[in-house]
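Let me begin by presenting the structure, written as structure tokens, before commenting on it.
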Amino acid sequence: MSPQILVSAGEASGDLYAARLVERLRERLPEARFFGCAGPRMQAAGVEAVVDARSLAVVGLVEVLAHIPRIYGEFRRLCGAARRRRPALAVLTDSPDFHLRVASKLKHDGVPVVYLVAPQVWAWRKGRLKTLRRNVDRLLCIFPFEEKFFRDNGVAADYLGHPLAGSVSAATSRDEFFRRHRLPPDQPLIAILPGSRRGEIQRHIPPLRDAAAILGRQPTSFLLGSPRGVYSQQEWQRLLSGTSIRVVEAETWDLLAHCDVALAASGTVTMEAALLGAPLVTFYRVTAVSWLLGKLLVDVPFYSMVNLVAGRKIVPELMQDEMTGERLASEARRLLEDDGERRRMKQELAEVAARLASDGDPMERAANIVEGMMKSVPR
């Protein structure tokens with residue numbers, strides 16, 4: 001009987017990482033069958049979607065409340081499939097609010113759990129360490145400082161390297177990219193990256209529109225990068241009505257590689273910007289209540305992972321009320337006009353990229369760990 005492996009991811013970056021892991025596991029375990037909570041990349045890699053990962057894409061302590069009944073239904077569906085199919089092993093990727101609960105159920109049912117992309121308990125909710133020790137057999141870390149932290153706290157952790165390091169690159173030249181999108185070569189290009197979830201995009205678009213209006217007083221091109229299918233063309237037109245911002249889908253790496261400045265929502269895209277050397281301003285907004293609760297719970301010197309990896313502030317962070325059109329435009333204009341500041345930031349982003357690099361492919365290392373665990377599972 002073919003072994004079954006449950007694989008689950010709840011957002012776009014996790015969908016990418018898990019899909020790459022599945023691709024490598026298929027080479028090693030060709031008889032294995034994969035099912036779980038899967039986004040488009042995982043589904044393309046051959047994971048049967050018991051739950052569509054896009055149904056879990058909600059951010060914010062308060063914002064999630066309205067979605068709890070639906071998310072709980074998806075949780076029950078995934079755990080029910082696990083009970084019926086009795087997978088030999090589970091790989092849970094990121095999204096700790098959802099996956100730590102899944103891990104508890106799986107562990108109770110005797111399913112070994114590998115957790116890919118460690119929860120940021122070094123920043124907040126350290127009580128989750130107990131849950132990780134109890135329910136996760138191997139924790140796979142993508143940032144260099146995490147392995148020691150988790151091992152010192154009794155969690156079996158391994159540092160892989162960042163999955164994007166060494167793989168992020170542009171598919172086209174700047175000339176080709178500008179020509180394809182009919183961009184004037186003598187105008188600066190500003191990349192707008194408002195996030196991958198509808199809720200965060202809706203919160204971020206108003207100040208980004210204001211920033212574009214201010215920056216657009218001088219000849220400037222604006223392209224908004226989005227994953228494919230977040231909004232229809234008509235919905236984007238309504239959101240961006242009255243602006244010169246155009247949308248490009250599934251071209252984020254090319255956009256970052258060839259822009260002059262990026263305005264990027266805090267998250268995985270800021271790491272992509274660092275790896276591609278794109279000068280950036282990062283931002284984020286949640287509801288007022290979520291922000292106040294988060295301020296009480298989060299204990300980190302910076303919000304952006306770029307700054308956390310660097311250990312110092314190298315990119316501007318405009319969080320919550322600081323995220324205004326005027327502040328975004330001011331920071332972007334400074335980077336556009338100050339060549340020395342641009343060079344400094346690009347050099348420091350290169351240092352961050354070097355820290356994220358590792359010998360070999362992180363997903364090959366993850367596949368080695370999963371394959372080794374599979375060999376020890378009774379058939």
Side-chain angles (χ1 to χ4, degrees), residues 5-11 13-14 17-18 20-22 24-25 36-37 56 75 78-79 82 87-165 267-268 271 294 297-303 305 308-309 311 355-377:
I5 299 177
L6 185 152
V7 188
S8 182
E11 52 189 279
S13 59
Y17 304 155
R20 290 184 174 179
L21 176 56
V22 168
R24 285 149 183 79
L25 288 173
C37 177
L56 305 182
F75 169 80
L78 183 64
C79 292
L89 181 141
V91 179
L92 310 179
T93 309
D94 212 351
S95 303
D97 286 319
F98 183 77
H99 283 140
L100 289 180
R101 289 170 172 81
V102 174
S104 178
K105 288 287 188 181
L106 293 172
K107 195 66 175 178
H108 180 268
D109 293 338
V111 179
V113 173
V114 177
Y115 203 112
L116 174 62
V117 185
Q120 296 174 358
V121 297
W122 38 265
W124 72 314
R125 298 179 72 172
K126 289 183 171 60
R128 287 174 165 175
L129 284 166
K130 182 179 179 181
T131 302
L132 289 166
R133 283 193 295 266
R134 184 172 59 240
N135 297 323
V136 172
D137 296 273
R138 296 288 284 275
L139 180 66
L140 308 184
C141 307
I142 66 172
F143 293 108
F145 55 85
E146 292 179 321
E147 182 182 63
K148 183 178 186 302
F149 171 85
F150 284 109
R151 288 193 173 187
D152 287 349
N153 283 279
V155 181
D158 298 272
Y159 173 56
L160 304 177
H162 201 286
L164 295 177
T268 300
M271 304 309 300
L297 295 171
V298 176
D299 181 23
V300 287
F302 308 108
Y303 293 101
M305 189 56 73
L308 285 169
V309 172
R355 291 189 184 188
L356 296 176
S358 60
D359 294 332
D361 180 354
M363 290 299 99
E364 284 288 345
R365 191 170 293 116
N368 285 338
I369 291 169
V370 173
E371 183 183 22
M373 292 179 67
M374 287 289 292
K375 289 178 179 178
S376 66
V377 174

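Below, each value reflects all heavy atoms present in this structure, side chains not excepted, and no hydrogens, waters or symmetry copies.
The shortest side-chain heavy-atom distance between Leu164 and Ile142 does not fall under the 4.5 Å cut-off. Between Met363 and Leu160, some side-chain heavy-atom pair lies under the 4.5 Å cut-off. For the pair Asn153 and Leu132, the minimum side-chain heavy-atom distance is 4.5 Å or more. Contact check for Leu6 versus Leu92: side-chain heavy atoms found under the 4.5 Å cut-off. With a 4.5 Å cut-off on side-chain heavy atoms, Met374 and Leu25 do not count as touching.
Among all heavy-atom pairs drawn from Ala82 and Pro87, the shortest one is O-CD, 3.2 Å. The two residues Asp137 and Pro112 make their nearest non-hydrogen contact at OD2-CA, 3.3 Å. The two residues His99 and Gly10 come nearest to each other via the heavy atoms CE1-N, 4.0 Å. Taking all atoms of both residues into account, the shortest heavy-atom contact from Arg355 to Tyr159 is O-OH, 3.8 Å. Nearest heavy-atom pair, Ser358 versus Gly161, reported as atom, atom and distance to 0.1 Å: OG-CA, 3.6 Å. Of all heavy-atom pairs spanning Val111 and Ala90, the tightest one is CG1-N, 3.9 Å.
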(request) For the pair Arg101 and Thr131, evaluate side chain to side chain contact (heavy atoms under 4.5 Å, CB included) and give the outcome as yes or no after the intermediate values. (result) CA-CA 9 Å; Arg101 289 170 172 81; Thr131 302; over 6 Å; no
(message) Please evaluate residues Phe98 and Leu78 with respect to the criterion side chain to side chain contact (heavy atoms under 4.5 Å, CB included), reporting the C-alpha separation (whole Å), side-chain torsions for both, the decisive distance (0.1 Å), and the verdict.
(response) CA-CA 11 Å; Phe98 183 77; Leu78 183 64; 3.9 Å; yes
(request) Applying side chain to side chain contact (heavy atoms under 4.5 Å, CB included), run through Tyr303 and Leu308 and close with a yes or a no. (result) CA-CA 7 Å; Tyr303 293 101; Leu308 285 169; over 6 Å; no
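Taken from SG in Cys37 to CZ in Phe75, the straight-line distance is 12.0 Å, to the nearest 0.5 Å. For the atom pair OH (Tyr17) and CD (Glu11), the distance works out to 9.0 Å, reported to the nearest 0.5 Å. To the nearest 0.5 Å, the span separating CD1 on Ile369 from CG on Leu140 amounts to 5.0 Å.
No option in Asp158, Val155, Val113 other than Val155 meets the side chain to side chain contact (heavy atoms under 4.5 Å, CB included) test with Leu139.
In Asp152, the CG atom is crowded: over 12 heavy atoms of neighbouring residues, nucleotides or ligands sit closer than 6.0 Å. Within 6.0 Å of CZ on Arg151 lie more than 12 heavy atoms contributed by other residues, nucleotides or ligands.
In terms of modelled atom types and a separation under 3.5 Å, the side chain of Tyr115 and the main chain of Arg138 share no donor-acceptor contact. The main-chain N or O of Pro163 is found under 3.5 Å from a side-chain atom of Arg20 such that the two form a donor-acceptor pair.
Within the structure, every pair that satisfies the side-chain hydrogen bond (donor to acceptor under 3.5 Å, both in side chains) test and touches residues 360-373, not counting sequence neighbours, is listed here: Arg24-Asp361, Arg28-Glu364, Arg28-Asn368, Arg28-Glu371.
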